[in-house]
Amino acid sequence: MARWILHMDMDAFFAAVEQLDHPMLRGQPVVVGGLGPRGVVATASYEARAFGVHSAMPIAKARMLCPHAAFVPPRFARYEQVAGQVWAILASYSPLVEPLSLDEAFVDLTGTERLHGPAEETAHGLHRRIRAETGLACSVGLAGNKLLAKLASEAAKPGGIHVVHEQDVEGFLSPLPVGRLWGIGPHTAKVLAERGVHTGGDLRDVDASLLCSWFGPRGGAHLWRLARGLDDSPVVPAREAKSISQEVTYPEDLFQEEVIAGEVRQLAVALAARLVEERLLATTVRVKIRWADFTTRTRQVQLPEPTDHPVLIADEAVALLDRGGLHAESGVRLLGVGLAGLVPATFRPEHLFAPSALTDALREVLSRHGPERLTLGFPGGDRRPS
DNA sequence: TCTGGGGTCCTAGGACCC
DNA sequence: TCTGGGGTCCTAGGACCC
C-alpha cells in the first residue's frame, strides 16, 4: 500500500523560542549558542542568517558578521517544554510519530484518512495548529517515504508546506545538489564532485556497478536508491538509546595530568548518575581526548558485568586514559566519556553489587537535588569547567 | 575565525574459535 | 607441516545528522 509520510521541522527553533519569550528580540537577528571563546552557533534566526550566520559556525565569526545580533546561551529545558507541546499536536494525528531531534519529527499518516481526511489536508491542519498553539513557525514536507518527506520539508522552508507526489519525484530530485540529499555529507559530496557528479540527476545517471566500485557494495546501493527517492524504512516511535556520552571543550587547554584525570572522573560520575536516573546499566566505557591540534583519539573497554557504579566507571575511564598513551603530550582541549551496551537495571547481576548502598544513595541525592549537585570526593574531582 | 555536544551507523582489522 | 575459510566479538576511526 502506498504510504503518506509527513516530516515536520520547526523553523530556526531555538532562536524562534527566544523571540517568542522575549518580544524585544522579534524581528531582530538572534544567535543561540555557546558564548565561550570556543563556542559555536546552535541556531541563528532568519534575520541573522541574512548576514551569513549559520549553524556550527564559530561564535567569534558570527560576531564579526553580525555584531549587533543578540547572542544568547541555549535554554534546553525551555526548548524541551515547547517541543513537548509540538509532539502532543503531532500525536493527535497518528500513533506513529518518530522524533529525530528536539525540533523535527516524522509522522506516518498512512491510513489516517478516515479519521482526519486526506493527508494533504491533514498537513495543512497540523501546520496551522502548530502555529496557532505554540506561536512558532514550522515547515512541513509530505511524500511517500521518509527520505522524500525530509527533503520536501527542506524545500518548504521557511514556514511552508511542500508535497512530493510519486510522479514528481524525478523532477524534484534532479536539480538538487547531491550534498542536500539526506546521508550525503561533505566527504561523499567531494568524492562525487571529483567524478563529475553534482546534482541528483547526475547521480541517477551513474551505473549501480560504478557507484559500488566507488563506495563499496552497501554504500553504492544506498546512493543508487537515494538518487531514485527510494526508501522503505518505517516510522519508528521512541527508540531506546544505545549509548550516552558527555564531553566538554575547555575554554583553555588542560596540561596537568591530575586535572585531566579529575575532569574525566567528573564526566564519568555525571554519566553514572544518568544511568541511575534512567535505571540503566552499561557494559562499555569509552573515553575521548582531543588535543590542541585537534587530533582526536578514543579508547574503549568492555566491562565483565554491566554496571552503574560511579567509582567503577570512573576508574575504568581513567585507566583508559593511561592506556594507549593518551597523555598530555600537548594541551588537551576536549575530554569525553561515553557509555554503551546499555541494558535495563533489572538485568543487574545479583552476585555483584546487589543493589548497592551507593546506588541507592545516588538515587536519593538525584531525586532531591538533581544531577547538578552531584560531586564525589575525588582528588581534583570538584573542579568543574567554568 | 579555528572548528560544540549529543547521538547513529558503517568499516576495517585483529583475536579467537571451529 | 604450516594452511583454509567462516563466524563472531571487540576496538578504533570516521561519516553523518541535528
Side-chain angles (χ1 to χ4, degrees), chain A residues 7 9-14 31-44 52-67 73-74 76 79-80 83 98-106 146-147 150-151 153-154 178-192 215-223 226 233 236 239-251 253 267 270-271 274 283-303 320 323-326 333-342 385:
Chain A
H7 181 258
D9 197 341
M10 301 298 291
D11 292 343
F13 184 53
F14 298 174
V31 177
V32 180
L35 301 188
R38 288 170 168 176
V40 299
V41 176
T43 312
V53 179
H54 59 77
S55 298
M57 170 184 284
I59 286 281
K61 184 176 184 186
R63 285 191 194 278
M64 270 184 44
L65 291 172
C66 192
F76 287 103
Y79 308 148
E80 280 171 17
E98 178 181 341
L100 279 185
S101 66
L102 265 187
D103 69 335
E104 57 180 289
F106 289 109
K146 290 164 75 172
L147 166 65
K150 168 94 178 153
L151 295 174
S153 76
E154 204 59 39
V178 283
R180 291 273 298 278
L181 298 179
W182 201 29
I184 298 187
H187 178 81
T188 306
K190 182 162 172 277
V191 173
L192 286 170
F215 298 99
R218 288 183 75 110
H222 177 69
L223 290 179
L226 212 53
S233 61
V236 182
R239 302 168 186 270
E240 300 295 321
K242 299 192 168 167
S243 67
I244 60 175
S245 65
Q246 202 166 320
E247 60 185 56
V248 180
T249 295
Y250 298 94
D253 295 341
L267 292 167
L271 280 177
R274 272 187 64 189
T283 50
T284 303
V285 179
R286 276 197 272 261
V287 296
K288 175 171 166 181
I289 186 166
R290 175 170 291 155
W291 286 289
D293 67 358
F294 224 72
T295 56
T296 306
R297 289 285 175 274
T298 61
R299 290 290 180 272
Q300 71 177 51
V301 69
Q302 298 278 110
L303 303 178
L320 281 171
R323 219 186 78 200
L326 300 191
R333 65 174 288 140
L334 171 145
L335 290 170
V337 177
L339 300 173
L342 304 180

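Reminder, nothing fancy here: chain letters follow the sequence lines and each chain counts from 1.
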Tell me what Val41(A) touches on the nucleic acid: a base, only sugar-phosphate, or nothing, going by heavy atoms under 4.0 Å. nothing

Could you check Arg63(A) against Val31(A) for side-chain contact (heavy atoms from CB on, under 4.5 Å), going step by step and ending with a plain yes or no? CA-CA 9 Å; Arg63(A) 285 191 194 278; Val31(A) 177; over 6 Å; no

Hey, does the side chain of Arg333(A) come within less than 4.0 Å of dG4(B)'s phosphate (OP1/OP2), counting only N and O? yes

Among dG6(B), dC16(C), dT1(B), which nucleotide sits nearest the side chain of His187(A)? dC16(C)

d(CZ, Arg286(A); C1', dG7(B)) in whole Å: 10 Å

Within the structure shown, what part of the strands sits under 4.0 Å from Ile59(A) by heavy-atom distance: base, sugar-phosphate, or nothing? nothing

Looking at Thr298(A), I'd like to know whether one of its side-chain N or O atoms comes within less than 4.0 Å of OP1 or OP2 on dT11(C). no

Provide the distance between the two C1' atoms, one in dC17(B) and one in dG4(C), to the nearest whole Å. 14 Å

Looking at every strand, decide which applies to Gly39(A) at a 4.0 Å heavy-atom threshold: base, sugar-phosphate, or nothing. nothing

Hunt down the Watson-Crick or G-U wobble partner of dC18(B), both distances under 3.5 Å, from any strand shown, or write none. dG5(C)

So, is Ser243(A) close to the dT8(B) phosphate, meaning a side-chain N or O under 4.0 Å from OP1 or OP2? yes

Take the protein atom NE2 of His7(A) and the nucleotide atom C1' of dC17(C), then report the distance between them rounded to whole Å. 11 Å

Please classify dC2(B) as syn or anti, treating any glycosidic angle within 90° of 0 as syn. syn

OP1 or OP2 of dC2(B) versus the side-chain N and O atoms of Arg38(A): is any pair under 4.0 Å? no

Using a cut-off of strictly less than 4.0 Å, decide whether Arg218(A) has a side-chain nitrogen or oxygen near OP1 or OP2 of dC10(B). yes

Which part of the nucleic acid does Leu100(A) contact within heavy-atom distance under 4.0 Å: base, sugar-phosphate only, or nothing? nothing

Is the phosphate of dT11(C), meaning OP1 or OP2, less than 4.0 Å from a side-chain N or O of Gln302(A)? yes

Value in whole Å for how far the C1' atom of dT3(B) lies from CG of Asp253(A): 13 Å

Rounded to whole angstroms, how far apart are CG on Leu334(A) and C1' on dC2(B)? 15 Å

Judged by nearest nucleotide, the residue sitting upstream toward the 5' end of DNA chain B, Lys61(A) or Ala42(A), is Lys61(A)

Roughly how many Å is it from NZ in Lys150(A) to P in dC16(C), rounded to a whole number? 15 Å

Identify whether any heavy atom of Pro217(A) sits under 4.0 Å from a base atom; if not, whether one sits that close to sugar-phosphate; answer base, sugar-phosphate or nothing. nothing

Would you say Lys242(A) reaches dG7(B)'s phosphate, i.e. side-chain N/O to OP1/OP2 under 4.0 Å? no

Categorize Ala62(A) for me: base, sugar-phosphate, or nothing, with a 4.0 angstrom heavy-atom threshold over every strand shown. nothing

side-chain contact (heavy atoms from CB on, under 4.5 Å) evaluation trace for Val41(A) with Ile59(A): CA-CA 6 Å; Val41(A) 176; Ile59(A) 286 281; 4.1 Å; yes

Could you tell me how far apart Glu104(A) (CD) and dT8(B) (C1') are, to the nearest whole angstrom? 14 Å

When all nucleic acid strands are considered with a 4.0 Å heavy-atom cut-off, which category describes Thr296(A): base, sugar-phosphate, or nothing? nothing

Using the six-membered ring wherever Trp is involved, compare the ring planes of Phe14(A) and Tyr79(A) and label them parallel, tilted or perpendicular (cut-offs 30° and 60°). parallel

OP1, OP2 of dG13(C) versus side-chain N and O of Arg299(A): anything below 4.0 Å? yes

Is the distance from OP1 or OP2 of dG5(B) to the nearest side-chain N or O of Thr249(A) less than 4.0 Å? yes

Which residue lies more 5' along DNA chain B, comparing Ala292(A) with Phe215(A) via nearest heavy atoms: Ala292(A)

Atom-to-atom span, CG of Leu181(A) to P of dA15(C) - whole angstrom: 19 Å

Measure the distance from CG on Leu339(A) to C1' on dT8(B) and round it to the nearest whole Å. 16 Å

Passes side-chain contact (heavy atoms from CB on, under 4.5 Å), Leu335(A) versus Tyr250(A)? Steps please. CA-CA 8 Å; Leu335(A) 290 170; Tyr250(A) 298 94; 3.8 Å; yes

Ring stacking, Phe294(A) with base of dT3(B), under 5.5 Å and under 30°? yes

Carboxylate-amine/guanidinium proximity below 4.0 Å for Glu247(A) and Lys288(A): yes

Output the distance between atom CD (Glu104(A)) and atom CZ (Phe13(A)), rounded to the nearest 0.5 Å. 11.5 Å

Given Leu339(A) and Arg274(A), is the side-chain contact (heavy atoms from CB on, under 4.5 Å) satisfied, shown in steps? CA-CA 10 Å; Leu339(A) 300 173; Arg274(A) 272 187 64 189; over 6 Å; no

